[in-house]
Amino acid sequence: MQSTVPSAAPSGIPPKHDENDGGNPFKLLETVPDTATVLNSCEYPVFLWSVGHNCDGPEAVAKLIEAGGTYSEPIRKCESGGVALKISKTTDASQPMQFEYAVWATDPSMVSYDISYLDCLKNGSGEKDLSGCAGHEGGTQAVGGGDGKDFRCGAGEWCDVQAYVVAEFANLPGAPVGGCKVHHGVAFELCAGNR
């Protein structure tokens, strides 16, 4: 599946949550400058594929991230679209959940990022089931450094506002895509409630 992250500025990016407002169910996730980081806070290992169309730097293929481990890569610019960090509980990448990012074509100093459950959800009969998605049972989060917006999916919850569960967000306004300066970095976490 192609990345759902736009390579242009998302509209109306709200500021990050105030850490004191009680709206964040997870511990603060730090970013690393110029880097995309994935923290596996699950109690099991996962496998990661970093894929895109003609992107700078090497792609990761079935990269093992142990429980409590971290994967990181320099933020990669692609000819079109962005990078999908596909994460699966199995080495065959069946039904991966995705953390996605894309350097903007219109402003290469900016990067967009999101969470996508499109390839791992069960919704064919309206069941709204994300239980097959790696890390979902413990919650997931995606953050951008600086003043980037944070996206958080609560443990075991249907997450249709903070993540993609419908392609192109059904063309509705308010798509769950953040943006920040590339040099601020982006970070993603699986089983975020475990930390």
Side-chain angles (χ1 to χ4, degrees), residues 1-17 24 26 28-39 48-60 70-87 96-121 133-136 139-153 159-190 192:
M1 168 163 260
Q2 285 192 327
S3 174
T4 55
V5 181
S7 57
S11 60
I13 299 171
K16 279 188 170 186
H17 279 299
N24 182 359
F26 307 132
L28 182 66
L29 183 60
E30 298 290 337
T31 60
V32 176
D34 301 302
T35 304
T37 305
V38 176
L39 174 59
L48 178 141
W49 290 256
S50 175
V51 297
H53 180 69
N54 292 332
C55 303
D56 298 342
E59 292 188 346
T70 302
Y71 168 84
S72 63
E73 68 181 31
I75 290 178
R76 304 189 303 139
K77 184 176 181 184
C78 304
E79 264 185 32
S80 63
V83 173
L85 300 172
K86 298 175 178 268
I87 302 170
M97 69 83 55
Q98 298 180 117
F99 292 124
E100 303 170 320
Y101 71 86
V103 175
W104 296 359
T106 57
D107 181 355
S109 71
M110 298 293 292
V111 62
S112 299
Y113 52 92
D114 71 47
I115 300 169
S116 174
Y117 292 120
L118 292 174
D119 290 344
C120 61
L121 64 82
C133 302
H136 176 68
T140 57
Q141 64 177 327
V143 303
D147 60 357
K149 179 174 172 43
D150 298 346
F151 297 95
R152 296 185 176 93
C153 293
C159 193
D160 60 347
V161 175
Q162 298 284 305
Y164 281 93
V165 294
V166 175
E168 304 303 328
F169 206 61
N171 296 314
L172 296 172
V177 178
C180 69
K181 295 284 188 185
V182 169
H183 72 267
H184 286 152
V186 293
F188 308 100
E189 185 174 16
L190 301 160

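Both backbone and side-chain heavy atoms feed into the values below; hydrogens, waters and symmetry mates do not.
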### Task
Please step through side-chain contact (heavy atoms from CB on, under 4.5 Å) for the pair Leu29 and Leu39, ending with a clear verdict.
CA-CA 9 Å; Leu29 183 60; Leu39 174 59; 4.1 Å; yes
### Message
The test is side-chain contact (heavy atoms from CB on, under 4.5 Å); show your working for Tyr164 and Asp114 and say whether it passes.
### Response
CA-CA 8 Å; Tyr164 281 93; Asp114 71 47; 3.4 Å; yes
### Working for side-chain contact (heavy atoms from CB on, under 4.5 Å), residues Val103 and Ile75
CA-CA 8 Å; Val103 175; Ile75 290 178; 3.7 Å; yes
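To the nearest 0.5 Å, the span separating CG on Leu190 from CD1 on Ile87 amounts to 4.5 Å. How far CD of Glu30 is from CD of Glu189: 11.5 Å, rounded to the nearest 0.5 Å. Note: Leu85 CG to Tyr113 OH = 14.5 Å, rounded to the nearest 0.5 Å. Rounding to the nearest 0.5 Å places NE2 of His136 at 7.0 Å from SG of Cys153. Put simply, SG on Cys133 and CG on Leu118 are 9.5 Å apart, with the number rounded to the nearest 0.5 Å.
Closest approach of His184 to Gly146, counting heavy atoms only: ND1-CA, 3.5 Å. Between Ala102 and Gly81 the shortest heavy-atom distance is CB-O, 3.8 Å. Heavy-atom minimum distance, Asp34 versus His183: OD1-CA, 3.1 Å. Nearest heavy atoms, Ser112 versus Val177: CB-CG1, 3.8 Å. Contact between Ser72 and Thr37 at its shortest, heavy atoms only, is CB-OG1, 4.0 Å. Cys180 approaches Gly144 most closely through the heavy-atom pair SG-CA, 3.8 Å.
For Phe99 and Phe188, the ring centers are positioned less than 6.0 Å apart.
Although no hydrogens or angles enter the test, the distance criterion places a donor-acceptor pair under 3.5 Å between the side chain of Gln162 and the main chain of Arg152. At least one donor-acceptor pair closer than 3.5 Å links the side chain of Thr35 to the backbone N or O of Pro33.
Counting heavy atoms from C-beta outward, Val143 and Val186 have side chains that stay 4.5 Å or more apart. Looking at Cys78 and Val83, their side chains come closer than 4.5 Å, going by heavy atoms from C-beta outward. Counting heavy atoms from C-beta on, the side chains of Asp160 and Val166 never come closer than 4.5 Å. Using a 4.5 Å cut-off on side-chain heavy atoms (C-beta onward), Val111 and Lys181 make no contact. Side-chain atoms of Tyr117 and Thr140, non-hydrogen and from C-beta on, do get closer than 4.5 Å to each other. In this structure, Ser116 and Met97 have side chains that are not in contact, with every pair of non-hydrogen atoms separated by 4.5 Å or more.
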Show me the donor-acceptor pairs, under 3.5 Å and distance only, between side chains in residues 49-57 and residues at least two apart or in other chains.
| unit_1 | atom_1 | unit_2 | atom_2 | d |
| --- | --- | --- | --- | --- |
| Ser50 | OG | Glu73 | OE1 | 2.8 |
| Ser50 | OG | Glu73 | OE2 | 3.1 |
| Ser50 | OG | Arg76 | NH2 | 3.0 |
| Asn54 | ND2 | Glu79 | OE1 | 3.2 |

